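The structure appears right after this line, and notes come after that.
Owing to the predicted nature of the structure, the values given are computational and were not obtained by experimental measurement. Whatever order the structure lists ligands and atoms in, that order sets their numbers, starting from 1.
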Amino acid sequence: MANKVYNFSAGPSVLPEQALKEASAACMDFANSGISILSMSHRSKPIGDMFAETEQFLRDLMGIPENYDIVFLGGGCSLLFCMVPMNLLGQNATADYADTGVWASKALKEAKQFGNVNVACSTKADVYNHIDKNLKMSDNATYLHITGNNTIYGTEWHSFPKPKSGYLVCDMSSDFLARKVNVSDFGMIYGGAQKNISCAGVTVSIIRKDLLGKVDRNIPTMLNFQTHIDAQNMFNTPPVFAVYVMNRTLKWLKDIGGVDVIEKINREKAALLYGALDASKIFVGTAAKEDRSIMNVPFVFNKEIVSAEKNDELAKEFLDFAKARGLQQLKGHRSVGGFRASIYNAMPKEGVQALVDCLGDFEKKVLG
Ligand SMILES: *Cc1c(COP(=O)(O)O)cnc(C)c1O
């Protein structure tokens with residue numbers, strides 16, 4: 001590897017170097033057993049202990065109360081999109097869903113298979129460039145579903161809406177542990193791990209104990225959250241390695257001071273990058289200012305400076321310019337275009353500074 005690389009990928013994404021080193025070492029020898037973690041029985045004591053520790057780290061970091069269970073499952077967040085309504089939403093019941101992005105709309109599409117869905121807001125017509133906080137909720141909803149951070153569009157709920165009835169359910173895939181949240185404000189928090197807390201292969205569900213077992217339908221054993229709660233996440237072979245990468249990532253987060261500390265750093269990083277975009281002549285952020293995400297920062301060329309004809313060629317030039325400095329994976333999502341810098345927990349401030357310098361230097365190169 002030549003020079004230092006900063007990976008701005010939206011997911012799977014950057015992880016703490018320390019966690020990667022420890023996870024790599026465990027592939028050769030886990031817990032001084034002489035056996036690779038990849039080859040060790042999930043029923044063994046070292047793995048059982050590691051699962052318990054991972055759960056405890058998560059409880060400590062997020063302040064998860066005793067009346068919430070934690071489930072680690074494979075299948076990705078997309079499987080949870082269907083498991084959530086399958087386990088929580090009765091056939092004749094209604095759930096409110098805030099349509100704030102593609103992930104939100106995928107979640108509500110699944111819910112329609114299990115009960116009634118009321119779309120409480122949608123900003124689809126504006127390519128989800130902001131969050132409509134004026135929710136039209138039903139009188140008797142079982143829950144209100146939101147997406148904490150809209151990974152593709154770079155918008156984030158900065159204060160969480162209060163459900164009119166029922167409880168709040170949140171897909172927190174891309175801002176898990178990025179900022180302090182009060183778990184008791186939610187009935188359920190869930191998400192894929194590969195954005196901020198581990199590699200792909202595991203999801204995290206945090207579920208208030210009293211919410212399960214209320215729907216009158218047959219739930220396949222594997223898709224029933226209660227199965228995994230009862231079996232302490234060992235009903236079948238769980239994604240052990242992905243849980244270990246999470247364990248090491250959470251340990252890193254604890255070591256640097258926990259969520260309060262990382263939130264402060266995340267806000268500094270976001271302010272640095274948005275400040276540079278706001279001061280730039282050639283680049284502009286695409287998300288509404290009041291909803292700007294502290295995790296994903298999409299930006300495009302200013303149309304008044306860069307004509308539509310020149311856009312694609314100059315975009316390629318910028319991505320090459322950035323890559324030559326070790327700044328990688330900055331291409332935007334196809335639905336927004338342009339660029340996106342994901343500045344998750346493990347992205348150091350130096351990486352964001354290097355990007356800010358790169359934006360400035362590229363502007364000078366183009367505009368003189
Ligand atoms: C990436 C992402 C998903 C999808 O996760 P998979 O694990 O790939 O299914 C869902 N929700 C949000 C907010 C995401 O960022």
Side-chain angles (χ1 to χ4, degrees), residues 7-15 71-86 95 97-111 113 121-124 127-131 143-158 160-161 168-179 181 186 188-206 222-223 225 228 238-239 241-243 245-246 249 266 286-287 291-298 329 331-336 340-347:
N7 172 14
F8 292 93
S9 170
S13 28
V14 61
L15 287 166
V71 176
F72 299 130
L73 276 179
C77 189
S78 299
L79 180 61
L80 296 177
F81 288 162
C82 91
M83 281 179 68
V84 168
M86 187 186 273
Y97 273 74
D99 180 19
T100 57
V102 159
W103 297 121
S105 79
K106 288 188 174 172
L108 77 87
K109 176 171 175 252
E110 294 305 305
Q113 304 192 58
C121 73
S122 179
T123 40
K124 186 173 182 187
V127 200
Y128 299 115
N129 65 3
H130 68 287
I131 292 174
Y143 61 80
L144 165 65
H145 181 282
I146 60 166
T147 310
N149 180 70
N150 299 285
T151 323
I152 295 174
Y153 314 93
T155 64
E156 189 167 21
W157 289 90
H158 291 297
F160 296 109
L168 191 57
V169 174
C170 183
D171 168 3
M172 232 175 248
S173 294
S174 53
D175 61 349
F176 243 124
L177 290 162
R179 55 175 168 165
V181 300
F186 301 83
M188 177 168 181
I189 294 171
Y190 71 96
Q194 71 274 20
K195 308 286 162 64
N196 213 21
I197 54 175
S198 184
C199 56
V202 68
T203 63
V204 178
S205 300
I206 301 165
M222 254 314 269
L223 301 182
F225 285 115
H228 303 285
F241 185 65
V243 172
V245 175
M246 188 186 342
T249 303
N266 284 338
T286 55
D291 298 324
R292 281 174 165 178
S293 164
I294 59 170
M295 295 276 98
N296 310 97
V297 183
Q329 307 284 330
K331 194 169 164 41
H333 188 274
R334 60 191 180 280
S335 62
V336 180
R340 173 174 48 170
S342 294
I343 51 175
Y344 295 117
N345 286 0
M347 172 59 65

Identify all pairs of nitrogen or oxygen atoms, one from ligand 1 and one from the protein, separated by less than 3.5 Å, and list them with distances.
unit_1: ligand 1; atom_1: 7 (O); unit_2: C77; atom_2: N; d: 2.9
unit_1: ligand 1; atom_1: 7 (O); unit_2: Q194; atom_2: NE2; d: 2.9
unit_1: ligand 1; atom_1: 8 (O); unit_2: Q194; atom_2: NE2; d: 3.4
unit_1: ligand 1; atom_1: 9 (O); unit_2: C77; atom_2: N; d: 3.2
unit_1: ligand 1; atom_1: 9 (O); unit_2: S78; atom_2: N; d: 2.8
unit_1: ligand 1; atom_1: 9 (O); unit_2: S78; atom_2: OG; d: 2.6
unit_1: ligand 1; atom_1: 11 (N); unit_2: D171; atom_2: OD2; d: 2.6
unit_1: ligand 1; atom_1: 15 (O); unit_2: T151; atom_2: OG1; d: 2.4
unit_1: ligand 1; atom_1: 15 (O); unit_2: K195; atom_2: NZ; d: 2.6

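Separating the CD1 atom in I152 from the CH2 atom in W103 is a distance of 6.0 Å, to the nearest 0.5 Å. Within the model, atoms NE2 of H228 and CE of M222 stand 4.5 Å from one another, a figure rounded to the nearest 0.5 Å. Here the OH-CZ distance, from Y190 to F176, works out to 10.5 Å after rounding to the nearest 0.5 Å.
At a cut-off of 3.5 Å, with distance as the only test, a side-chain donor of D99 or S122 sits close to an acceptor on the other residue.
In this structure, Y128 and V336 have side chains that are not in contact, with every pair of non-hydrogen atoms separated by 4.5 Å or more. Side-chain contact between I189 and V204 is absent, with no heavy-atom pair separated by less than 4.5 Å.
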